[in-house]
Trainee: 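Take this structure, written in structure tokens, and hold onto it; I'll ask about it next.
Atom set for the values below is all heavy atoms of this structure, side chains included, hydrogens, waters and symmetry mates excluded. Predicted model, so just to flag it, every value in this text is computed and none were measured.
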Amino acid sequence: MTREFFGPETVARPGKPLVIAIDGPSGSGKSSVSKEVARRLKLAYLDTGAMYRALTWYCLKTGVDLHDGAAVEHASKTMPLEVSTSAAKEYVAVDGTDITDEIREPLISSSVSAVATTLGARTELIRRQRELIDQHHHRMVVEGRDITTVVVPNAEVRMLLTASEEARLRRRGIQLGGTQSKEQLAAQVIQRDAKDSTVVNFTQAADGVVTLDSSDLNFEETVDTALAIVSKVIYGD
């Protein structure tokens with residue numbers, strides 16, 4: 001029933017708020033799944049992880065010491081950031097410079113945790129994220145690590161998308177086109193999760209958050225399951 005109800009590009013709850021908050025560890029597939037859910041339901045889309053990566057790029061570009069919390073926090077407040085809120089186009093720019101591809105490079109991936117664990121910077125980026133949600137009249141799929149618990153804990157739908165370590169490493173390797181070694185992948189996925197988990201819990205679902213384990217699901221099956229969760233939470237289907 002869910003597949004028919006949420007067919008290609010279905011408008012869900014027209015005219016009413018619908019924030020779908022999706023958290024999960026690295027390599028769980030939350031970005032690709034979140035984008036497709038947003039596309040199917042004609043909702044805006046926000047990749048909050050891209051904002052942390054953009055801040056990391058900005059700090060490195062301007063010579064900010066990533067371990068100087070006050071300096072990183074100041075950078076988060078002054079960074080002239082543009083980020084796409086469309087599931088159809090990925091775009092991140094700082095001060096007019098397109099850094100969409102650069103923020104996915106190994107240097108950023110290995111450095112982003114230092115920024116993401118700076119509490120003052122998190123506070124500022126969360127403020128910006130909430131501002132974007134408001135601008136889209138609370139009709140958005142928002143994905144990250146603390147969306148269901150901190151950014152929008154009152155979202156209409158909250159889910160934790162997870163997968164086994166083996167599945168997450170495999171997916172991240174495919175996402176990066178086989179350009180990373182096993183050690184680099186482990187650093188990006190396992191080690192980064194360990195660092196980020198010191199400031200936010202994204203491995204266990206909070207009360208009211210539905211867990212979606214995609215370890216044994218392909219992409220389409222995961223999207224269908226996510227849409228089924230949305231339908232059940234909103235309509236009781």
Side-chain angles (χ1 to χ4, degrees), residues 18-39 43-58 72 76 79 81-87 90-92 100 103-104 108-109 111-136 138-163 168 171-172 175 188-190 192-206 208-212 214 222 226 229-230:
L18 178 54
V19 175
I20 301 174
I22 302 179
D23 286 330
S26 300
S28 62
K30 63 181 181 291
S31 291
S32 55
V33 171
S34 296
K35 284 180 185 177
E36 183 61 13
V37 168
R39 188 187 70 79
L43 297 173
Y45 162 77
L46 180 60
D47 174 1
T48 63
M51 299 175 74
Y52 287 98
R53 287 174 173 270
L55 178 56
T56 304
W57 179 92
Y58 182 62
V72 173
S76 73
M79 173 178 60
L81 175 67
E82 296 175 71
V83 59
S84 170
T85 53
S86 168
E90 185 176 1
Y91 177 74
V92 182
T100 306
I103 63 171
R104 304 297 174 184
I108 303 300
S109 296
S111 304
V112 67
S113 283
V115 167
T117 53
T118 301
L119 297 182
R122 289 195 77 88
T123 298
E124 169 59 18
L125 292 186
I126 288 169
R127 183 195 67 77
R128 294 193 188 208
Q129 291 156 18
R130 288 172 174 164
E131 189 175 73
L132 287 168
I133 295 168
D134 287 342
Q135 289 173 4
H136 287 277
H138 289 249
R139 290 187 58 79
M140 177 180 275
V141 177
V142 189
E143 58 106 340
R145 293 175 181 267
D146 60 353
I147 313 305
T148 65
T149 56
V150 178
V151 181
V152 273
N154 60 340
E156 284 71 24
V157 181
R158 299 186 298 155
M159 69 180 81
L160 175 68
L161 178 57
T162 189
R168 292 190 290 122
R171 290 169 183 169
R172 181 52 59 90
Q175 180 185 27
Q188 288 190 32
V189 176
I190 310 305
R192 183 189 166 196
D193 283 351
K195 291 177 183 177
D196 288 2
S197 65
T198 61
V199 294
V200 63
N201 183 2
F202 51 85
T203 58
Q204 293 182 323
V209 177
V210 181
T211 298
L212 197 176
S214 66
T222 305
I229 291 171
V230 173

Trainee: With E156, which residues qualify under salt bridge (Lys or Arg N to Asp or Glu O under 4.0 Å), at least two apart?
Mentor: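 E156: no salt bridge (Lys or Arg N to Asp or Glu O under 4.0 Å) contacts found.
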Trainee: What are the two closest heavy atoms between Y45 and S34, and how far apart are they?
Mentor: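 Result for this residue pair: CE1-CB, 3.7 Å.
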Trainee: Closest approach of M159 and L212, non-hydrogen atoms and distance?
Mentor: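 Taking M159 first and L212 second, the nearest heavy atoms are SD-CD1, 4.4 Å.
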Trainee: Going by atom types alone, do T48 and E143 pair a side-chain donor with an acceptor below 3.5 Å?
Mentor: no
Trainee: Going by the rule side chain to side chain contact (heavy atoms under 4.5 Å, CB included), which residues pair with T100 if we only count those two or more places apart in sequence or in a different chain?
Mentor: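 E90, Y91, V92, D98.
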Trainee: Side-chain contact, heavy-atom cut-off 4.5 Å: I103 with V112?
Mentor: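 Contact flag for I103/V112 side chains = no.
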Trainee: Of all heavy-atom pairs between R128 and L81, which one has the smallest distance, and what is that distance?
Mentor: NH1-CB, 3.6 Å
Trainee: From the options T85, V19, L18, select the one residue that forms a side chain to side chain contact (heavy atoms under 4.5 Å, CB included) with L43.
Mentor: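 Going through the options one by one, the only one that passes is L18.
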Trainee: Does T162 reach the side chain of P25, with side-chain heavy atoms less than 4.5 Å apart?
Mentor: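 In short, these two side chains touch, coming nearer than 4.5 Å.
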Trainee: Are any non-hydrogen side-chain atoms of I22 and R158 less than 4.5 angstrom apart?
Mentor: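 Sidechains of R158 and I22: no contact.
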Trainee: Is any side-chain heavy atom of I20 less than 4.5 Å from a side-chain heavy atom of V230?
Mentor: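 They are in contact (side-chain heavy atoms under 4.5 Å apart), so the answer is yes.
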Trainee: Taking the side chain as everything from C-beta on, heavy atoms only, tell me whether L46 gets closer than 4.5 Å to V141.
Mentor: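 The answer is no, as the side chains (C-beta and beyond) never meet within the 4.5 Å cut-off.
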Trainee: How far apart are the C-alpha atoms of K30 and V33, what are their side-chain angles, what is the distance that settles it, and do they pass the side chain to side chain contact (heavy atoms under 4.5 Å, CB included) test?
Mentor: CA-CA 5 Å; K30 63 181 181 291; V33 171; 5.9 Å; no
Trainee: Please name the pair of heavy atoms, one in T56 and one in S111, separated by the smallest distance, quoted to 0.1 Å.
Mentor: CG2-CB, 3.8 Å
Trainee: Using a 4.5 Å cut-off on heavy atoms from C-beta on, say whether the side chain of L161 contacts that of D23.
Mentor: no
Trainee: Keeping T118 on the side-chain end and G120 on the backbone end, is there a donor-acceptor pair under 3.5 Å?
Mentor: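 Checked: no pair found.
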Trainee: Report yes if some heavy atom in the side chain of R127 is under 4.5 Å from a heavy atom in the side chain of T123; otherwise report no.
Mentor: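 A side-chain contact under 4.5 Å is absent here.
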Trainee: Are D47 and K35 ion-paired here, with the side-chain N under 4.0 Å from a carboxylate O?
Mentor: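 The answer is no: the pair does not qualify as a salt bridge.
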Trainee: Among all residues two or more places apart in sequence or in another chain, which pass the side chain to side chain donor-acceptor pair (under 3.5 Å) test with E36?
Mentor: R39, R40
Trainee: Can you name the closest pair of heavy atoms from V115 and Y52 and give their distance?
Mentor: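 V115 and Y52 have their closest heavy atoms at CG1-O, 4.1 Å.
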Trainee: Is S28 reaching over with its side chain to a backbone N or O of G24, donor-acceptor style, under 3.5 angstrom?
Mentor: no
Trainee: With a 4.5 Å cut-off on side-chain heavy atoms, are R122 and S76 touching?
Mentor: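 Heavy-atom side-chain distance check fails, nothing below 4.5 Å.
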Trainee: Of the non-hydrogen atoms in A38 and A44, which two are nearest, and what is the gap between them?
Mentor: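 Closest approach of A38 to A44, heavy atoms only: CB-O, 3.9 Å.
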Trainee: How long is the gap from CG on D134 to CZ on R130, to the nearest 0.5 Å?
Mentor: 9.5 Å
